[in-house]
Trainee: 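What follows is a structure written as structure tokens; I'll ask about it next.
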Amino acid sequence: MATFRFIALEKTLGRKVEAVHYPSKVSDYYGSMTFNQSVMHEYLTEEAYRAVMNAIETGESIDRKITDQVASAMKAWAMEKGATHYTHWFHPLTGSTAEKHDAFINPLSNGKALEHFQGSQLIQQEPDASSFPSGGIRSTFEARGYTAWDPTSPAFILDHTLCIPTIFVSYTGESLDYKTPLLKSMAALDTAATEVCRYFDKSITKVYPTLGWEQEYFLVDEALYAARPDLVLTGKTVFGHASAKDQQLSDHYFGTINDRALAFMQDLEIESHKLGIPLKTRHNEVAPSQFECAPMFEEVNVAVDHNQLLMHMLEKVARKHHFRVLLHEKPYAGINGSGKHNNWSMATNTGVNLLAPGKTSKDNFRFITILANILMAVRDYEELLRASVASEGNDLRLGANEAPPAIISVFLGRQITKTLDEIEQLPEYKELNGHNGRHVIKNIPKIPEILLDNTDRNRTSPFAFTGNKFEFRAVGSSANTAKPMFVLNTIVAEQMTKFKAEVDALMEKGMLKDAAIFNVVKSYIQASKAIRFEGNSYSSEWVEEAAKRGLSNNRNTPDALPEFISEKSVALFEKHNVLSRKELLARNEIKLEKYIKKIQIEARVLGDLAVNHILPTAIQYQNRLIENAKGLKEILDAKSFQQLSKNEVSTIKEISDHVAGIKEGVSEMVEARKKANAIENTLEKAVAYRDTVLSRFEDIRRHVDKLELLVDDNLWPLPKYRELLFIK
Ligand code: ADP
Ligand code: MG
């Protein structure tokens with residue numbers, strides 16, 4: 001009987017490239033499924049339109065009467081587009097998105113029904129939230145949670161359902177999602193950064209962070225996927241010997257895109273564009289069957305929603321093309337995993353990108369000021385930034401010479417470094433009220449435009465300045481990127497608050513504004529040196545050097561997470577009203593639980609596969625060899641038998657060794673799991689899972705992967721790496 005693996009392989013050979021139909025030119029259908037500004041203009045009265053726009057810009061709440069109007073306009077628009085249901089769409093702490101669909105229709109007494117959707121249904125819902133993780137905030141007898149409309153992110157239609165982006169909070173007001181702290185961090189950043197910007201330009205009244213993410217992912221044929229229980233249950237392969245060829249020849253990155261994959265991408269883009277996700281680039285990544293897509297950057301909250309939606313669309317569209325998408329950070333051992341670079345900057349209501357070096361000295365003075373503040377923020381909170389990207393999947397990637405290390409540092413490039421060095425050489429302004437301070441701006445070194453060429457790149461840095469934005473590269477591919485973003489927003493808000501206090505203090509003593517700013521910036525440039533690193537972040541020298549500089553190197557999740565609930569972090573988040581101590585503690589519990597459960601599931605899958613798939617196969621093959629050896633013995637004289645059976649006997653022994661190794665490894669792992677399960681404290685339990693369960697995976701895997709090379713290919717039950725990785 002053919003194994004599942006061969007049936008799957010045969011299926012992949014029959015695959016055709018799915019036809020892709022562009023409805024019309026992209027600009028015709030772009031955003032057609034979103035309740036965007038232009039739709040609002042069309043469907044809302046002038047009064048309602050202004051109220052919504054005002055809420056978006058200022059965060060002021062919308063009058064009840066107006067929300068009824070908006071709801072009825074949304075309903076009319078959505079029904080024209082074929083929607084039958086609506087849902088509040090939110091990001092619970094599971095990391096994915098949640099939705100509960102309700103029909104528009106209400107039955108009438110005359111046996112008919114009428115579509116119905118009111119302001120109250122738009123602005124708030126009360127989903128029974130007891131099954132979402134809350135980290136103990138919401139005990140099950142108080143199961144109510146509220147979702148509340150976020151007017152700053154456009155509603156959209158997916159699968160005939162009107163999806164309304166919302167926040168998700170507990171009955172007692174604690175946030176149970178990713179969006180709430182993100183929105184709060186944006187408000188904190190706005191307050192702090194606007195004040196700083198107003199030193200330079202009084203017409204600046206609003207600052208908002210921007211995000212352009214780059215999403216990496218793998219595609220695998222659905223039949224092969226189905227034949228790998230590990231992929232189905234954990235999103236990664238727990239076994240698999242390296243393919244003879246994988247990424248050694250560097251022939252995949254930016255290579256010609258396979259026709260099947262290209263058709264998938266085109267469809268993905270069509271569907272994403274309808275939803276207003278501004279996808280712009282697509283390309284092959286380093287590993288075989290690994291790809292990336294990236295949109296034009298947007299305001300952070302919308303960009304995060306779009307990323308969550310895109311991850312959903314990746315999975316949905318992949319199925320149509322008989323693929324499965326793998327968003328896991330490390331689906332295959334030995335080749336590159338996937339990340340999600342976060343390009344981050346800040347923009348103003350005046351249309352200025354605060355991280356774009358200006359053409360004039362005045363603009364550059366502002367630019368350097370902002371930059372110096374970010375350096376200080378990252379210096380002070382590098383450990384928190386590291387914690388914001390911690391997950392069991394990302395642990396396999398960070399520091400494995402394919403992604404930045406777990407040590408956070410900032411790369412600035414030659415030009416900016418030179419500029420900062422020059423500023424450091426300039427004298428500090430001593431006089432409090434002399435004319436000296438008037439020349440500050442003139443003395444600010446020019447930044448040559450060459451910078452914007454992007455020629456100066458360092459791919460190994462976790463936090464790199466790339467011409468007009470910072471690129472945070474340590475984020476994992478499956479992450480809800482709200483978390484690193486709200487951390488970054490908050491630490492920069494905190495730093496800018498401190499900066500303003502320092503500058504104001506000098507000005508109160510009589511120092512001219514520019515001189516005061518200059519002096520503080522200069523002191524920052526000196527004080528933040530430890531966080532700057534221009535060299536190879538993958539090197540072992542850097543690990544040593546970073547330790548000398550006192551930078552943290554928390555290599556895995558249980559080591560990294562505690563920083564989230566340190567007194568310093570709690571004070572930070574509480575001060576800026578982003579998260580309370582209670583919320584932070586709850587989130588920490590959820591995160592640790594998730595870590596434990598992921599390892600637990602992986603351990604079970606690994607154990608089951610080893611015992612139920614691999615061992616029987618190995619023994620079957622071994623029996624065949626034994627039979628063969630017996631046969632040889634019958635027909636040969638003793639001397640020839642000795643000679644001819646040497647290989648066979650040694651293979652039989654080798655198989656025995658691996659079989660024994662697997663049995664022993666699995667039973668030790670099961671024992672360790674039992675012990676770890678008995679631990680009460682979540683952090684201790686996570687550490688036990690890491691040190692006694694996870695730590696055994698590699699050894700079991702080594703035996704299995706060796707067997708893969710020994711056992712007859714015809715018997716091997718699991719699709720091999722060479723089959724999974726090369727799209728047919
Ligand atoms: P690369 O990193 O390959 O040089 P780009 O310069 O095109 O690519 O930018 C990569 C990502 O950075 C894109 O998503 C882009 O929209 C985003 N990006 C560009 N400018 C900004 C900005 N000011 N704020 C946030 N993201 C930005
Ligand atoms: Mg990039």
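We count ligands from 1, going down the list as the structure has it; atoms in each ligand are counted the same way. Basis for what follows: all heavy atoms, side chains included, without hydrogens, waters or symmetry-related copies.
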Trainee: Tell me yes or no: between the side chains of S391 and N394, is some donor less than 3.5 Å from an acceptor?
Mentor: no
Trainee: Pick whichever of L355, L354, N343 has a heavy atom sitting closest to atom 12 (O) of ligand 1.
Mentor: N343
Trainee: With a 3.5 Å distance limit and no angle check, can you tell me whether K522 reaches the backbone of E424 through a side-chain donor-acceptor pair?
Mentor: yes
Trainee: Within the 4.0 Å heavy-atom shell around S345, which atoms of ligand 1 are there?
Mentor: 22 (C), 23 (N), 24 (N)
Trainee: For A527, does its backbone N or O pair with a side-chain atom of R379 as donor and acceptor, under 3.5 Å?
Mentor: yes
Trainee: Relative to the heavy atoms of P295, which atoms of ligand 1 are at a distance of less than 4.0 Å?
Mentor: 13 (C), 14 (O), 16 (O)
Trainee: With respect to W344, determine whether any N or O atom, backbone or side chain, lies less than 3.5 Å from an N or O atom of ligand 1.
Mentor: no
Trainee: Quick check: do V325 and L219 have side-chain heavy atoms less than 4.5 Å from each other?
Mentor: yes
Trainee: Sort out for me which residue in T152, T166, D305 forms a side chain to side chain donor-acceptor pair (under 3.5 Å) with K179.
Mentor: D305
Trainee: Is there at least one pair of N or O atoms, one from A294 and one from ligand 1, spaced under 3.5 Å apart?
Mentor: no
Trainee: Any idea which atoms of ligand 1 are less than 4.0 Å away from a heavy-atom of M296?
Mentor: 16 (O)
Trainee: Looking at F463, F411, W344, which hits ring-ring contact (aromatic ring centres under 6.0 Å, His included) with F472?
Mentor: F463
Trainee: Of the backbone atoms (N, CA, C, O) and the side-chain heavy atoms from C-beta on, which set of N353 has a member under 4.0 Å from an atom of ligand 1: side chain, backbone, both, or neither?
Mentor: side chain
